2 protein chains.
Amino acid sequence: MDQEILLQHISKEDSNESPAGRRFRQLHEEIRSRISLLDYPPGMRLSEEALAEEFGVSRTPLRRVLWQLQAEGLLKSVQGVGTLVTDIDMAALYHVYQLRMELSPLLARLSPRKVTPDDIARFDMLYANCLALVDDPSARGYSIINIATFHALADMTTNEPLRDTMERLFYQTARIWLKSLTDQDVRRECKSLSREIRDYRDAVRLGDLDALGHIWRAHTSSSMTRLQQKAT
Amino acid sequence: MDQEILLQHISKEDSNESPAGRRFRQLHEEIRSRISLLDYPPGMRLSEEALAEEFGVSRTPLRRVLWQLQAEGLLKSVQGVGTLVTDIDMAALYHVYQLRMELSPLLARLSPRKVTPDDIARFDMLYANCLALVDDPSARGYSIINIATFHALADMTTNEPLRDTMERLFYQTARIWLKSLTDQDVRRECKSLSREIRDYRDAVRLGDLDALGHIWRAHTSSSMTRLQQKAT
DNA sequence: GTTGCGCATGATGTGTACAACATAAGCTGC
DNA sequence: GCAGCTTATGTTGTACACATCATGCGCAAC
């Protein structure tokens, strides 16, 4: 399957965005995707020069992107060594998940949008993609749909600080699932994700954002619990 | 009065921090302070070259700081024009305050610290400073103590993502109070702040972080309400 | 007097050369 | 053979020159 298209144009472009701003946003989105999908796994050493050459820019604008990703906790630059993809320890993971669980229900309480037919179509499409994934499971496909689902959920609030905060936290933990999953794990997780998205779709169809937020919280909690069980 | 000392060493230095990292942190903290205290008021145009010269560095490391502040919503760079200090509209302000009100009570629920004698001493000192401020009110002194109080509160949780999120949101709105305050307003607000800090101090003395979080939420809510009333 | 063009000016954006630094390989002395 | 120093190599950090762009002033045409 080719789910990559689901991750295109995640970040919205501003109407009066400068060329530099557009390039920054696109590079940031691309490299963040690569980190989240483990194309750049934790511990990997990136080269500014190699990346700059790949994207056809000089080091200067690329470094701005890497600094942003460093501020988001995904990279760490060390002089004389390189730019390293960060790992995350269980304590930090737990802190992030705890906060995410508190933020999820706010989706319906802080400036929610009205559910539109486009929203329903969006979750229908996600569910269809996930059903196809169940027939042909892959760790990469799982992650792509997981990320796309997050953005569909976060887009239900118009509270930008809330959305930005949830996005930052999500990407800090998004790549953890992929690490150390056996083929059997992947099959099970794909099925679990399809049930999760079905729940979201049903809540969206009902226009019940409060339910949506709490279902999200429940699934986030479940993910955290299973991660802890795997760790022991 | 000279309360400036309260804002020194707000950000903690990492043990194995590189010289570049230390310089970045210090410059970021200094410029953020200037924006929050309205030394750089909204709409003001900064010059990268002038700032670089003042701090004795080249444009390159300074630009990293300005980009970070841009990501935090405090600055906006426009090619051919300059680096502008942002303003904030009521809608965005409302969104930030709504989220801050939800996060405050989490202080006690997500990985709180045990209250130490140092914590009590810290709030005692803040209260003493604020009482002195009431005798000699000033908008700048008010802001400094307000910022220092925020950091004292945020330091009560060990959940770093929560602390970072609250800090980001706080600084997005910290400078709003100072705008358009008459001398009479300043006197009243200083008194109000002293009562607020007294409440915090009492809760800390009791070791009751849950009360501390909810008192914080109440005062945040009160601030928002008064801001809205001023706007109309 | 007014309008519109053109240029000077100063700002941020980009590219590049070099400095500072960490690492590993190799070499030398023992 | 091995320890320790040296050096080669590759990396990020810094400085600077130049490109690109927005703005306002001056001047000329009308």
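Below, read A as the first sequence line, B as the second, and so on, with proteins coming before strands; counting in each chain starts at 1. The structure presented is a predicted model; accordingly, all values stated were derived computationally and were not measured.
Here the straight-line distance linking atom CZ of A:F123 with atom CG of A:L153 works out to 4.5 Å at 0.5 Å rounding.
The footprint of chain B on DNA chain C, defined by a heavy-atom cutoff below 4.0 Å, extends from C:dG10 to C:dT14.
Among the nucleotides D:dT12, D:dA15, D:dC18, the one closest to the side chain of B:S58 is D:dA15.
Between A:P19 and A:E48, the residue whose closest nucleotide on DNA chain D is further toward the 5' end is A:E48. With the nearest nucleotide of DNA chain C identified for both A:R59 and A:A20, A:A20 has the one nearer the 5' end. Mapping A:V57 and A:V78 onto DNA chain C by nearest heavy atom places A:V57 at the nucleotide closer to the 5' end.
In this structure, A:D155 does not pair ionically with A:R113, as no charged nitrogen and carboxylate oxygen lie closer than 4.0 Å. The pair B:D39-B:R140 meets the salt-bridge criterion, since a charged nitrogen lies less than 4.0 angstrom from a carboxylate oxygen. Residues B:R23 and B:E30 are not paired through a salt bridge, judged by the lack of any N-O separation under 4.0 Å between the basic side chain and the carboxylate. For the pair A:R22 and A:D14, the salt-bridge criterion is not met [side-chain N within less than 4.0 Å of a carboxylate O].
Aromatic rings of A:H151 and A:Y171 (six-membered ring for Trp) have centroids within the 6.0 Å cut-off, being under it.
Among all heavy-atom pairs drawn from B:P137 and B:V186, the shortest one is CB-CG1, 4.1 Å.
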I would like to know whether A:F150 and A:H219 meet ring pair (Phe, Tyr, Trp, His ring centres under 6.0 Å); could you show each step before the answer? CA-CA 12 Å; A:F150 163 79; A:H219 284 293; over 10 Å; no
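Within a heavy-atom distance below 4.0 Å of DNA chain C, the residues of residues 79-87 of chain A found are A:Q79, A:G80, A:V81. Annotation: proximity of residues 60-68 of chain B to DNA chain D (heavy atom, distance under 4.0 Å) is found for B:T60, B:P61, numbered in ascending order.
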